[in-house]
Amino acid sequence: MGALFGKSRKTQSRVTDHDKAVLQLKQQRDKIKQYQRRIEQTLERDKQLAKKLLQDGKKDRAKLLLRKKKFQEQLLQKTDGQLENLERLTHDLEFSQVEIQVMEGLKVGNAALKKINEVLNVDEVERILEESREGIEKQKEIDDMLTGALTEEDEDAVEAELESIIQEQMPSLPEEELPAEPELELPDVPEEP
């Protein structure tokens, strides 16, 4: 029961200083965008008010409003530059986090590869491969015995028996010699002149 209602243990936050910095930059970016929207609304109002003042014949007041409008336009340009810098910095920070993760992955992979290479050496691998070959050959011999495969001597015996069966099945040839057939003489064929 104490675990349910007792003091909770503090867990370590997974939010890093890097994450906080990126968050602050993004919050600042959002504030600048809000500021820009307010300036743009003010610019539009001042422009309309200056037109109305000119129609009412208040040229000096209209001129003053247009100066204010020009100043705010310059502020708007400055905020654009600041906004661009914030965006660039935010992207750089986020990308640096990716680079750090890649480097950490490479370190872990390199360490694991070194450990594997320490365990395995070329002589050990050759010895294991040789043992594997011997095991495969032994297994093949056992398989041949179990499946009834024939040895070379057995194969020779089978060939000899096959040859004797072929000899038995052939018709027997007479033992006396046949008289030779007389050779036929062919008439001479005249050659062409």
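Just so you know, these numbers come straight off a predicted model, no measurement behind them.
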Item to check | Steps toward salt bridge (Lys or Arg N to Asp or Glu O under 4.0 Å) verdict (Glu94, Lys26) | outcome: CA-CA 11 Å; Glu94 288 174 338; Lys26 288 183 177 182; 2.8 Å; yes

Pairing residues for [X] by the side-chain contact (heavy atoms from CB on, under 4.5 Å) criterion, not counting sequence neighbours:
{"X": "Lys51", "result": "Lys47, Gln48"}
{"X": "Val15", "result": "Ser13, Asp19, Lys20"}
{"X": "Glu126", "result": "Val122, Asp123"}
{"X": "Glu159", "result": "none"}

Checklist entry - What salt bridge (Lys or Arg N to Asp or Glu O under 4.0 Å) pairs are there with at least one residue in residues 100-118, not counting sequence neighbours? => result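 Salt bridge (Lys or Arg N to Asp or Glu O under 4.0 Å) check on residues 100-118 returns Glu104-Lys107.
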
Checklist entry - salt bridge (Lys or Arg N to Asp or Glu O under 4.0 Å): which pairs involve residues 29-44, sequence neighbours left out? => result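 Of all non-adjacent pairs touching residues 29-44, those that pass salt bridge (Lys or Arg N to Asp or Glu O under 4.0 Å) are Arg29-Glu87.
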
Checklist entry - With respect to Phe95, which candidate in Glu99, Gln97, His91 satisfies the side chain to side chain contact (heavy atoms under 4.5 Å, CB included) definition? => result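 With Phe95 as partner, Glu99, Gln97, His91 yield a single side chain to side chain contact (heavy atoms under 4.5 Å, CB included), made by Glu99.
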
Checklist entry - What are the two closest non-hydrogen atoms of Asp46 and Gln72, and how far apart are they? => result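 Where Asp46 meets Gln72 most closely, the heavy atoms are OD2-OE1, 3.5 Å.
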
Item to check | Nearest atoms (heavy-atom pairs only) where Ala50 meets Ala62 | outcome: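 Scanning both residues completely, I find the closest heavy atoms to be O-CB, 3.7 Å.
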
Could you list the cluster mates of [X]? Members are the ILVMFWY residues connected by side-chain heavy atoms closer than 4.5 Å, either directly or through other members.
{"X": "Leu49", "value": "Leu53, Leu65"}
{"X": "Leu75", "value": "Tyr35, Ile39, Leu43, Phe71, Leu76"}
{"X": "Leu66", "value": "none"}
{"X": "Leu83", "value": "Val22, Leu25, Ile32, Leu86, Leu89, Leu93"}

Checklist entry - For the atom pair NE2 (His18) and CG (Leu23), what is the distance rounded to the nearest 0.5 Å? => result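 Between atom NE2 of His18 and atom CG of Leu23 there are 12.0 Å.
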
Item to check | Value rounded to 0.5 Å, distance of OG in Ser96 from CD in Gln101 | outcome: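 The CD atom of Gln101 is 10.0 Å from OG of Ser96, to the nearest 0.5 Å.
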
Checklist entry - Taking atom CD of Glu161 as the centre, does the number of heavy atoms from other residues, nucleotides or ligands within less than 6.0 Å exceed 12? => result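 For Glu161, atom CD is not crowded (no more than 12 foreign heavy atoms under 6.0 Å).
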
Item to check | CG/Asp60: more than 12 non-hydrogen atoms of other groups inside 6.0 Å | outcome: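 At most 12 heavy atoms, drawn from other residues, nucleotides or ligands, come within 6.0 Å of this atom.
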
Would you mind writing out the side-chain donor-acceptor pairs for residues 132-139 within the sub-3.5 Å range, not counting sequence neighbours?
from: Ser132; atom 1: OG; to: Ile128; atom 2: O; distance (Å): 2.9
from: Arg133; atom 1: NH1; to: Glu130; atom 2: OE1; distance (Å): 2.7
from: Gln139; atom 1: NE2; to: Asp143; atom 2: OD1; distance (Å): 3.1

Checklist entry - Hey, are the side chains of Lys69 and Glu73 touching, using non-hydrogen atoms and a 4.5 Å cut-off? => result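 In contact.
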
Checklist entry - Mind checking what makes salt bridge (Lys or Arg N to Asp or Glu O under 4.0 Å) contact with Glu131, not counting sequence neighbours? => result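 Glu131: salt bridge (Lys or Arg N to Asp or Glu O under 4.0 Å) contacts with Arg127.
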
